[in-house]
Amino acid sequence: MIKAYKADIDLGLTSNGFLLKDFAEALWDAGLERINISLDTLDAKKAKILAQKDVLPSVLAGIEEAERLGFKIKLNTVALKGLNEDELVALLDFARRKNIQIRFIEFMENTRVHRALRGLKRDEILQILAQKYPITPIQKATKSPASLYDAGGYEFGIIDPHSDAFCTTCNRLRLSAEGLLIPCLYHDEALSIKGAMQKRNLSKALEILMRVLQNKPEKTRGGRWATKFLAAPFTRREAKFSLRIF
């Protein structure tokens, strides 16, 4: 439905990769081209602790299938103290061998996560990676929350919401598996668009979309979803945002 409405929309999927091998081909046939896959560890025991089930073989198989089909792939790694900080170099090397960009993500504290988890900050991540590679900053990616770095000829990213104010350039909306359209991961103003999409009710879906855009926090900070834009009639030509499904 989304691609049928606007064929050139930047549509991406964020996945834990567990069922990706089984569904990758159907997603490709539906028009999806980009997948971000969570890979926090290459250790099967640690992966089982994080997911509460034996997931790593399925995740790695999903990555291979996505590669085979030709998806544009990025790997997302949340850097956690006492859990995977000793694997950050190995994870970067894994991505480098596959010619896939990896982004290390600062742990985002919110009401939905376990309070015992503690994350590594950007400078701590860079210090660990610098033990093997010379690290050079690259100009920040446009329309992306990631700051880019070079590690001996390989480009990787760090998403650091605690130290990098990227709200004003944010063009992301997120659609959850439950059908919630989410304006910002740090906020709770999500609305369900599931019913409208199941009924193929485009006018209702657009109404929900506009209400969600009104709730994006950067709207009030001079960002791309400024009040002037939101007050204007919504058309296909103006719908220049990125939708992330996870």
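Sequential numbering from 1 along the given sequence is applied to the chain's residues.
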Taking atom [atom1] of [X] and atom [atom2] of [Y], what is their separation to the nearest 0.5 Å?
X: Leu209; Y: Leu173; atom1: CG; atom2: CG; value: 6.5 Å
X: Leu191; Y: Ile208; atom1: CG; atom2: CD1; value: 7.0 Å
X: Leu181; Y: Arg174; atom1: CG; atom2: CZ; value: 11.0 Å
X: Ile63; Y: Lys98; atom1: CD1; atom2: NZ; value: 7.0 Å
X: Leu91; Y: Leu75; atom1: CG; atom2: CG; value: 8.5 Å
X: Asp123; Y: Glu106; atom1: CG; atom2: CD; value: 8.5 Å

Any [X] side-chain heavy atom under 4.5 Å of [Y] side chain:
X: Glu124; Y: Lys81; answer: yes
X: Asp43; Y: Glu87; answer: yes
X: Asn16; Y: Val55; answer: no
X: Leu92; Y: Lys132; answer: no
X: Leu20; Y: Glu65; answer: no

Using only atom types and a distance under 3.5 Å, with no angle test, would you say the side chain of [X] pairs donor to acceptor with the backbone of [Y]?
X: Thr77; Y: Leu39; result: yes
X: Lys21; Y: Ser58; result: no
X: Gln198; Y: Gly195; result: no
X: Asn84; Y: Val78; result: yes
X: Tyr154; Y: Asn99; result: no
X: Asp150; Y: Thr136; result: no
X: Arg122; Y: Ser147; result: no
X: Gln101; Y: Gly157; result: no

*asked:* Could you go through Leu69 and Glu25, starting from their C-alpha distance and side-chain angles, then the distance that decides it, and tell me whether this counts as side chain to side chain contact (heavy atoms under 4.5 Å, CB included)?
replied: CA-CA 7 Å; Leu69 290 166; Glu25 189 163 358; 4.2 Å; yes
*asked:* I'd like to know whether CZ of Phe18 has more than 12 heavy-atom contacts from other residues, nucleotides or ligands below 6.0 angstrom.
replied: yes
*Would the number of heavy atoms belonging to other residues, nucleotides or ligands and lying under 6.0 Å from NZ of Lys72 be above 12?*
no
Give the minimum heavy-atom separation between [X] and [Y], together with the two atoms involved.
X: Ala79; Y: Ile125; value: CB-CD1, 3.8 Å
X: Leu83; Y: Lys46; value: O-NZ, 2.8 Å
X: Leu88; Y: Phe104; value: O-CZ, 3.6 Å
X: Leu180; Y: Ala190; value: CB-CB, 4.3 Å
X: Gly17; Y: Ile37; value: CA-CG2, 4.2 Å
X: Ala205; Y: Ile193; value: O-CD1, 3.7 Å

*Parallel, tilted or perpendicular for Tyr149 and Phe156, by the 30°/60° rule?*
parallel
_Ile49 and Thr41: CA distance, side-chain angles, deciding distance, side chain to side chain contact (heavy atoms under 4.5 Å, CB included) verdict_ = CA-CA 11 Å; Ile49 291 172; Thr41 178; over 6 Å; no
*asked:* Leu80 vs Asp40, test: side chain to side chain contact (heavy atoms under 4.5 Å, CB included). Steps then yes/no.
replied: CA-CA 9 Å; Leu80 296 167; Asp40 295 326; 5.6 Å; no
*Give the intermediate values and the outcome of side chain to side chain contact (heavy atoms under 4.5 Å, CB included) for residues Tyr133 and Asp93.*
CA-CA 11 Å; Tyr133 293 106; Asp93 286 342; 2.4 Å; yes
